[in-house]
There are 2 protein chains.
Amino acid sequence: MARRSSSSQEVLLGLLTVEPMSGYDLGQSIRTSIGFFWNESYGQIYPNLKQLAAAGLVTAKTEKQKGKPDRQVYSITPSGRAHLEEWLAVEPQPEVPRNELLLKLFFGAQAGPETVTGYVERMAQRERGYLEKFRQIERELLSQMRRYPDAPYWRMAARFGQLEVEAHLRWAEETLKALRKMEAGRQRSAIGKEKRHAGK
Amino acid sequence: MARRSSSSQEVLLGLLTVEPMSGYDLGQSIRTSIGFFWNESYGQIYPNLKQLAAAGLVTAKTEKQKGKPDRQVYSITPSGRAHLEEWLAVEPQPEVPRNELLLKLFFGAQAGPETVTGYVERMAQRERGYLEKFRQIERELLSQMRRYPDAPYWRMAARFGQLEVEAHLRWAEETLKALRKMEAGRQRSAIGKEKRHAGK
DNA sequence: AAATGCATGTAACGCGTTACATGATTTT
DNA sequence: AAAATCATGTAACGCGTTACATGCATTT
């Protein structure tokens, strides 16, 4: 097996400990339940499932459906669980950050406050949407606490997202105030220039 | 010119609006000033500078130094500034998140609370270090407000990092409490099992 | 004597997204 | 009639890290 550095296969194994699923299901699960801190495209999921099956970490079973196309349902094997536990025992590395909004804000002087104000406003809008989602997740998790023994861990992860979103919103409010002050200042000086020109 | 989706070249142009720099300088600047929200390796910086020079967006000038090897000092050109402004006018896309710590925490039930506790503790330690750095950056920026007209924008970006770090630390404290409770619970039930075994 | 910093660059490799292909059913 | 959903997969391409190469000066 080639040296692998990413966690794309392990996230599939992890989700398959909850219940057997198809590649399509896994894509849905990722998007809806861990999407706020992890993401996989189908271009990753399907080939990785094949590799996992070839390595004996999962097994596939074809399920026929009326009307809809066949499903390949994958289950984790004992050696798959062993692999997952090994991976879990490795210290997670801090990720390298890349925040394009902050990058454009950092160079905001080259564009003027009007441009970046819009970016921050729409970012805040998005974050407010996330806040709603987290509240919903919180309710669902609380009601399913005893159905899933892993739920306490899921809550901790969701709580991280919640606190981050709240911090983002506080930042956005503060930053919009500052940007609007700058805009006002620029308008005043622009009017000043106009008057000076008109008076010429 | 080929279609480019990433911002690796634009970050170089942006930093060169502050002052002319060598590839090495740019690497240092990135690490020390925007490193908390953006990152570039030398394997990206040097080839991208060449491409920028070939496209006429920067110019290179060889500077000789005593003892040390020659430096290629790059300056942004007017068309470089135009390109930067165009890029700044494009709405920044929200990045796809990948947080390995949260991923391992999410699957924490497969490893047990002891394992993930260590991960969160060391994460909190790192974050406390960042907090110190942000306080230092804040001091430096305040003292250099009139030397650099872009400083207000830099402060906004730094403030984002500050608020995020504070949120992370609050989360870590909360989560460590919950994990330690779970550990205690598991110990009690492990002792219970032991006693039952001993009594057999 | 060894390690670190200055300084520039290239090559290999893996990761990940996007686009494409196919085709039926259900909803708008 | 068109779009969205279910469902699986492949291929191309760009991005980005890591390792490697070189070599002098300074610090430990």
Side-chain angles (χ1 to χ4, degrees), chain A residues 1-12 20-32 35 37-54 58 60-74 93-100 103, chain B residues 1-12 20-32 34-35 37-54 58 60-74 87 93-100 103:
Chain A
M1 243 187 287
R3 240 255 196 303
R4 290 184 55 266
S5 69
S6 175
S7 308
S8 306
Q9 298 193 351
E10 286 76 14
V11 69
L12 303 176
M21 277 185 270
S22 69
Y24 188 80
D25 294 339
L26 284 162
Q28 298 297 314
S29 282
I30 289 167
R31 227 174 298 284
T32 59
F37 65 83
W38 200 268
N39 187 281
E40 294 289 344
S41 62
Y42 288 115
Q44 285 279 91
I45 293 171
Y46 286 114
N48 274 319
L49 279 172
K50 274 211 167 164
Q51 269 183 253
L52 286 170
V58 301
K61 204 178 180 183
T62 306
E63 258 185 28
K64 282 182 186 159
Q65 298 184 122
K66 32 199 167 175
K68 291 175 195 171
D70 289 2
R71 286 159 48 87
Q72 292 291 319
V73 178
Y74 292 89
Q93 294 303 303
E95 61 275 23
V96 282
R98 282 208 150 188
N99 187 326
E100 214 183 290
L103 192 60
Chain B
M1 243 186 287
R3 246 254 194 305
R4 290 184 56 263
S5 69
S6 175
S7 309
S8 306
Q9 297 191 352
E10 286 76 14
V11 68
L12 302 176
M21 276 185 272
S22 69
Y24 189 81
D25 294 339
L26 284 162
Q28 298 297 315
S29 282
I30 290 168
R31 228 173 297 285
T32 58
I34 62 174
F37 65 83
W38 201 267
N39 187 280
E40 295 290 342
S41 62
Y42 289 115
Q44 286 279 93
I45 294 171
Y46 285 114
N48 274 320
L49 279 173
K50 273 211 169 166
Q51 269 183 252
L52 286 171
V58 300
K61 204 177 177 184
T62 306
E63 259 185 27
K64 284 185 182 160
Q65 300 184 122
K66 32 201 166 172
K68 293 174 191 171
D70 288 2
R71 285 159 50 89
Q72 294 289 321
V73 178
Y74 292 89
W87 170 81
Q93 295 302 303
E95 60 275 21
V96 283
R98 283 208 146 186
N99 187 326
E100 214 183 290
L103 191 61

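Proteins come first, then strands; the chains are lettered A, B, ... in the order of their sequence lines, and each starts at number 1.
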* **C:dC15 OP1/OP2 closer than 4.0 Å to side-chain N/O of A:Asn48** => no
* Please work out if B:Gly43 contacts a base, only the sugar-phosphate, or nothing of the nucleic acid, heavy-atom cut-off 4.0 Å. => base
* Structure fact -> Picking from C:dC15, D:dG16, C:dT8, the nucleotide nearest the side-chain atoms of B:Tyr46 would be C:dT8
* Asked: Is there a donor-acceptor contact under 3.5 Å linking the side chains of A:Thr62 and A:Gln72?
  -> yes
* Ignoring the backbone of B:Asp25, work out which of C:dA7, C:dT8, D:dT17 is nearest its side chain. => C:dA7
* Go through D:dG9, D:dC6, C:dG16 for me and flag the one nearest to the A:Gln28 side chain. => D:dC6
* **Minimum side-chain heavy-atom gap B:Ile34-B:Ser29 below 4.5 Å** => no
* **Nearest to side-chain heavy atoms of A:Gln44, which nucleotide of D:dT17, C:dT8, C:dG16** => C:dG16
* **Carboxylate-amine/guanidinium contact A:Arg71 A:Glu63, below 4.0 Å** => yes
* Just to confirm, is there a sub-4.0 Å distance from OP1 or OP2 of D:dG14 to any side-chain nitrogen or oxygen of B:Ser5? -> no
* Structure fact -> B:Arg71 has its side chain closest, among D:dT18, C:dT17, C:dA7, to C:dA7
* To do: Respond yes when some side-chain nitrogen or oxygen of B:Asn39 is under 4.0 Å from OP1 or OP2 of D:dT17, and no when none is.
  => yes
* Asked: Any idea which of D:dG16, C:dG5, D:dC6 is nearest the B:Tyr24 side chain?
  -> C:dG5
* To do: Select base, sugar-phosphate, or nothing to describe what A:Ser41 touches, counting heavy atoms under 4.0 Å on all strands.
  => base
* For D:dG16, does either OP1 or OP2 sit under 4.0 Å from a side-chain N or O belonging to B:Ser6? -> yes
* Under 4.0 angstrom between A:Lys50 side-chain N/O and D:dT8 OP1 or OP2 -> no
* Respond yes when some side-chain nitrogen or oxygen of B:Ser22 is under 4.0 Å from OP1 or OP2 of C:dT8, and no when none is. => yes
* B:Asn48 side-chain N/O to B:Gln44 backbone N/O, donor-acceptor pair under 3.5 Å -> yes
